[in-house]
Structures are given as structure tokens and as C-alpha cells.
Amino acid sequence: MMNRRDWFKAAGAMGVGAAMPTALFATDAPATGGNAVVKTELKRLMLRHTWTTTMSSSAYRDTVHLQYQRDGITGYGEGAPIVRYKESSEQAKQAIDAIIDKIAAGDPWKFDKFLAEIRGLLGDHQHAAMAAVDIAICDWLGKKLGIPLYEYFGLDPADAPVTTFSIGIDTPEITRQKTREADDFPVLKVKVGLKNDEETIEAVRSVTKKPLRVDANEGWTDKEEAIRKINWLETQGVELIEQPMPAHMFEETKYVRSKVHIPVIADEACTHASLIPVLKEAYDGINVKLDKSGGVMEAYRWIKFARAMNMKVMLGCMVSSSCTVTAAAHLAALVDYPDLDGNLLIANDPYEGVKVQKGKLILPSAPGLGLKLVAS
Ligand code: MG
């Protein structure tokens, strides 16, 4: 693994070294009315490696951050926009800023009603904005109660299975390098779905024998090709396949699933809790992300709902800081496949939170999310 100093060096090479590191919310934005003070800020997260999936390729990601202050306690939240759902960080920030007085005036103790109202005001397509608000309220509640968030949910963090580290699509040489850097992780997640899938897996396999999970990000559009690839992947020690075909190709996915042996997990197809019973017909499980559900509380409902349907649960994330990833990690004891590495892909994390040791998620024991703001 690259150590932290090397990451900064890599980040410097990408050009972020030119800016002086500052902590989030360092500038005094005007306070808003109501009982709480709520601030938003955009943060550019620089990627260690250019990140390529079937959907996009980029050197950085912008996320929206929210600070919620009340009774001398500060809660932090973050929303990572999902391009697939036509979200952007600017538009997420604008959506929050447009209702910031309502967020400040809401009663965080009546958070079920309060967050439902905010969800209603933001509308159905503001997942990143909703996540930023929900995560900040969860952090604030935990701090106010003096307990880590996992304790609020009655969870033992030691129950969380090991998390995966993701290898994005790249040349075989870089793929081998990334695989070596992920040496500390007992299970890897590999992105495929382009023309060179076999080459990618072979590059990973030339470096390691560890179990793999594979995400095709809707990349295969021919069902017979998908079946052939999945069954080949199984011979390569792949444990599960995530979103092999486009979300709208439901009948084809159903057919594919009937012809393969490893679990098929819905990610892009799973955008709302109400879809879970339908998805069960074509998938063995769902990938829950705070950036899709709009925060911790709704992610918890998705997980419980999928469990009630006897489905497998993966807990994923977008490229984001330790804020979102730590918030998700507080629920990791409830799932089969934690996939929480979005913060490890960036070079200028504005927070310190959950750590990973040999794939094991180590949560801070401080109240709330347990985050520490750091200059970045
Ligand atoms: Mg995925």
C-alpha cells in the first residue's frame, strides 16, 4: 500500500500541491436563522489514480459537505453526486442552500419526521443533497447522545465482514500495480465491462490468488456473452458479479442469473426501497449506498428490507471522503459484502475516520461518526 505521505506526493504531482491545505468550513460563512447553524461547502477530492469504470474516467471528484451546529455540537455530512442519475455537486449544494433555513429550523430529535420533510422538500432526485443532510444529523445525534452511531443502531462493529478494495479499469501494467498496492486487502473488487475484461482479470491474477468480486457496471448488453463471461469469472475465483447488464435489461438479467452459479448483485438497478421485491426476481442481492438511498437512515431501511426478502446485501460507496465512508461503515455489521474504499482512492481526505487493517474496518469509538477534520 502507498502510505499517506506518498499519496500526498502523488497528489502534488497531479497539481493539488499548489493549493495550501485548509480544513473544511475554515471560512466564516454567514449563519442562517433557526435553531441550528447550517453551512455547505464543495470539496474537490483528488484521485490517486485516474478512475475509470464503464461510465466515466476522471482525475478528481467534487462532493458537497454540510456542517450542522446546534447546542454547541457539530455534525458533519457529505453527499457524493452520482453522474449516472444526472446529479452534480453544484446542483446538490444549490438544492441544500435553497432550503437551508428549513434544515436549520427542524427538530433533530424528531429526526424521522424532520428528515422525511427535508426529503420531500429536496424532491426525488437529490440523493447527494439528502445524504449530506442525513449524515450530518446522524453525526449530531450520536454526539449529543454521547455514543458512536453503530451503538445507536445496536450493532457490534466486530461483526462486519472484511471490506474490499476496488481496482478500476486500466492497462494491464497499471492494473498489476494497483493490485500490488492493494496487498493489505484480503478480497478485491475488480471493475470490468469493457472489451478487455479477460485481460484485466488475468493481470490481477498474475499478482494475486485472493478472492475477487467483479463489477461490470452495466457493461454487457448481450446475455449469452454475459453468461459466458460470468462462468469464466467463476473459474477465476470470482465470488460474485455486480450489475452485469444495464438496469433496464431486467428480463435478460433474470435469464443470465438462471444460467450462472455465483450471486448476481443489483447496483445501478437498485435506486429505491420499493424496487427490492421486484429485483429479487432477477438478482440475489442489492448494493446499498448512502449516496443512492440519501443517507444512513434510509440505507438502514434498505438493508432491513432486503434481509426480510432473504437477499444478500453489499454496502458500497462512491468516491467520497472519510465522512460518507465512515457513516456507511457504522452499518457494516449488517451486511455480507462491505465495499467501502471510496476514501482510500483519494489523496486529500478532509477527514479522518474509519481505518482499514487487513480488510477489517476499524471504526473510531468517539461519539457520532467519530470524525476528525484535518487540513487537506
Ligand atoms: Mg457497482
Side-chain angles (χ1 to χ4, degrees), residues 47 49 51-58 61 63 79-87 127-128 131 161 163-170 175 178 182 185 187-194 197 200-201 204 211-221 226 229-230 233 238-250 253 256-257 260 262-273 275-276 279 282-294 299 302-303 306 311-320 324-325 328-329 331-332 335-345:
L47 291 161
H49 289 283
W51 181 246
T52 305
T53 70
T54 56
M55 268 167 280
S56 62
S57 181
S58 54
R61 291 291 166 81
T63 58
I82 304 184
V83 179
R84 167 77 164 73
Y85 309 124
K86 301 188 169 55
E87 290 184 288
H127 312 289
T163 187
T164 40
F165 185 79
S166 295
I167 311 285
I169 296 172
D170 228 308
T175 300
K178 287 176 176 176
F185 289 80
V187 188
L188 299 180
K189 177 166 140 176
V190 184
K191 296 279 192 183
V192 299
L194 297 182
D197 297 341
T200 299
I201 297 297
V204 174
L212 304 178
R213 294 168 192 166
V214 165
D215 188 357
N217 283 111
E218 313 183 279
W220 303 326
T221 50
K229 288 204 175 187
I230 296 168
L233 288 169
V238 170
E239 295 181 335
L240 63 81
I241 179 76
E242 195 182 328
Q243 203 64 53
M245 304 194 80
H248 70 270
M249 295 181 77
F250 185 77
T253 306
V256 167
R257 184 213 192 178
V260 303
I262 56 177
V264 181
I265 308 292
D267 182 5
E268 285 82 353
C270 185
T271 52
H272 198 273
L275 298 172
I276 293 172
L279 290 171
Y283 299 88
D284 300 285
I286 60 164
N287 186 347
V288 178
K289 292 175 182 165
L290 271 53
D291 311 289
K292 290 194 295 178
S293 66
W302 285 25
I303 295 168
M311 293 175 83
K312 299 270 187 204
V313 180
M314 177 182 273
L315 182 60
C317 59
M318 303 306 289
V319 172
S320 56
T324 305
V325 175
L331 298 180
V335 309
D336 303 291
Y337 313 115
D339 179 28
L340 299 174
D341 63 351
N343 56 333
L344 304 176
L345 304 175

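Both ligands and their constituent atoms are indexed starting at 1 by order of listing. One is the number of the first residue; the rest follow in order along the sequence.
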Has Asp267 got an N, O or S atom lying less than 2.8 Å from the Mg ion (ligand 1)?
yes

Has Glu242 got an N/O/S atom less than 2.8 Å from the Mg ion (ligand 1)?
yes

Is the backbone N or O of Trp220 less than 3.5 Å from a side-chain atom of Glu218, with the two atoms forming a donor-acceptor pair by type?
no

Could you check if a side-chain atom of Tyr337 sits within less than 4.5 angstrom of a side-chain atom of Ile265, using non-hydrogen atoms only?
yes

Can you label the angle between the Tyr85 ring and the His127 ring as parallel, tilted or perpendicular, going by 30° and 60°?
perpendicular

From the N, O or S atoms in Asp215, identify the one nearest to the Mg ion (ligand 1).
OD2

When you look at Thr175 and Asp170, which way does the side-chain hydrogen bond (donor to acceptor under 3.5 Å, both in side chains) test go after all the steps?
CA-CA 6 Å; Thr175 300; Asp170 228 308; 5.8 Å; no

